[in-house]
Asker: 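One structure, pasted below without further comment.
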Amino acid sequence: MTARRFRSRALLASGAGLAFVAALGLGGAGTADARSADDAGPTTVTPAGHYFAATLTGSATFKAGSVIATCNVSSSQPTAGGGDASNQIPNAPANHNDAGPVVSGLNSPTYSSCSANLPGVTVSVTTSGAWGVAMQNADSPAATLTIPSGGFVLQTTGLANCTVTAAPAAAASLNTTFTNGSPSTLTVTDGMVPVQVTGGFGCPTAATSSVFNATYQVTDVTDPSQQITVTS
């Protein structure tokens, strides 16, 4: 996966419409400006070596065409018992980059308690593959989420049987803001990701992108008394 370097503007999560996905999940252009390699400043993510979780606060919304799906529960958690580098801040000195982001792998997020603005349908979301997050310090710290190709699939069943596949042809990236705090948060605002929509009547098959909004709390699993922070 390739981490994009960028300058971020403040983003505000709203709740209308993962394909996230991205899953905290869906990738796309977002509203952050790309940072050149020469402009990317130093980044340190702490505590080094600690595992972290990302847990949805509020709702995640995905909008493709006229269809809006809302999920009220979502999270990406470390592998039980540890043992791999997913949802882990790199150990020192790799938790510092003199000229760019610090990258961590993510376990694919889960989504549940989902509904749609279509009557008579049920919604389910399936995620898979190797996700990632690249955290970059700046005037407003930011993060880029990477969604693997086909790593997010939203399905509706009932009066409308639709399948929305995010990043159908290649991995996609989603720009977000990272706010240090207690807990820290990662926010996606109007992030866009390429999608492929299949299905019959009522399905937005002409849609080629989906808009994602969500805010995730990022917490330290290794030591809950500490906070995940992004600094220089």
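The structure presented is a predicted model; accordingly, all values stated were derived computationally and were not measured. The first residue of the sequence shown is numbered 1, and numbering continues consecutively from there.
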Asker: With a 4.5 Å cut-off on side-chain heavy atoms, are Thr187 and Thr176 touching?
Answerer: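 SC-SC contact between Thr176 and Thr187 ruled out.
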Asker: How close do Leu118 and Ala160 get, heavy atom to heavy atom, and via which atoms?
Answerer: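 It is CD1-CB, 4.1 Å.
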Asker: When you compare the side chains of Ser184 and Gln227, does any donor N or O come within less than 3.5 Å of an acceptor on the partner?
Answerer: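 Side chains of Ser184 and Gln227: no pair found under 3.5 Å.
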Asker: Within a strict 4.5 Å, meaning less than it, do heavy atoms of the Gln77 and Thr55 side chains meet?
Answerer: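 In short, these two side chains touch, coming nearer than 4.5 Å.
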Asker: For Ala169 and Ser149, which heavy atoms make the closest approach, and how far apart are they?
Answerer: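 It is C-OG, 3.7 Å.
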Asker: Indicate yes or no: at least one non-hydrogen side-chain atom of Ile89 is less than 4.5 angstrom from one of Pro47.
Answerer: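 Yes, their side chains come closer than 4.5 Å.
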Asker: Work out which heavy atom in Ala134 is nearest to a heavy atom in Val103; give both atom names and the distance.
Answerer: CB-CG2, 3.9 Å
Asker: To check you understand the geometry: which heavy-atom pair defines the closest contact between Val45 and Ile228, and what is its length?
Answerer: CG1-CG2, 4.4 Å
Asker: Would you check, one step at a time, whether the test side chain to side chain contact (heavy atoms under 4.5 Å, CB included) holds for Val67 with Cys162?
Answerer: CA-CA 10 Å; Val67 176; Cys162 314; 5.6 Å; no
Asker: Looking just at side-chain N and O atoms, do Thr46 and Thr229 make a donor-acceptor pair shorter than 3.5 Å?
Answerer: yes
Asker: Would you mind reporting whether Phe152 and Val193 have side-chain heavy atoms less than 4.5 Å apart?
Answerer: no
Asker: Would you sort out whether Leu174 and Val188 count as a side chain to side chain contact (heavy atoms under 4.5 Å, CB included), showing the intermediate values?
Answerer: CA-CA 8 Å; Leu174 180 68; Val188 184; 3.4 Å; yes
Asker: Are any of the side-chain heavy atoms of Asp190 and Asn213 separated by less than 4.5 Å?
Answerer: yes
Asker: Compare every heavy atom of Gln88 with every heavy atom of Phe52, then report the nearest pair and how far apart it is.
Answerer: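 Residues Phe52 and Gln88, closest heavy atoms: CE2-N, 3.5 Å.
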Asker: Do the side chains of Leu56 and Tyr216 get nearer than 4.5 Å, heavy atoms only?
Answerer: yes
Asker: Honestly curious: do Val197 and Ile147 fall in one hydrophobic cluster under the side-chain, below-4.5 Å linking rule?
Answerer: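 Yes; Ile147 is reachable from Val197 via cluster members.
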Asker: Distance alone, cut at 3.5 Å: any donor-acceptor contact between the side chains of Ser59 and Asn72?
Answerer: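 Checked: Ser59/Asn72 side chains pair up, N/O donor to acceptor below 3.5 Å.
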Asker: For a quick check under 3.5 Å, do Gln136 and Thr43 share a side-chain donor-acceptor pair by atom type?
Answerer: yes
Asker: Do Pro42 and His96 have side-chain heavy atoms sitting under 4.5 Å apart?
Answerer: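 The answer is yes; the side chains approach within 4.5 Å.
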Asker: If we ignore angles and hydrogens, is there a donor and acceptor under 3.5 Å between the side chains of Thr157 and Thr122?
Answerer: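 Judged by distance alone, the side chains do pair up.
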Asker: Under the side chain to side chain contact (heavy atoms under 4.5 Å, CB included) criterion, do Asn87 and Thr79 qualify, and how do the steps go?
Answerer: CA-CA 8 Å; Asn87 293 66; Thr79 303; over 6 Å; no
Asker: Which heavy atom in Pro204 sits nearest to a heavy atom in Ala64, and how many Å separate them?
Answerer: CG-O, 3.3 Å
Asker: If we only count heavy atoms from C-beta on, is the Thr110 to Ser75 side-chain gap below 4.5 Å?
Answerer: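 Yes, at least one pair of side-chain atoms sits under 4.5 Å.
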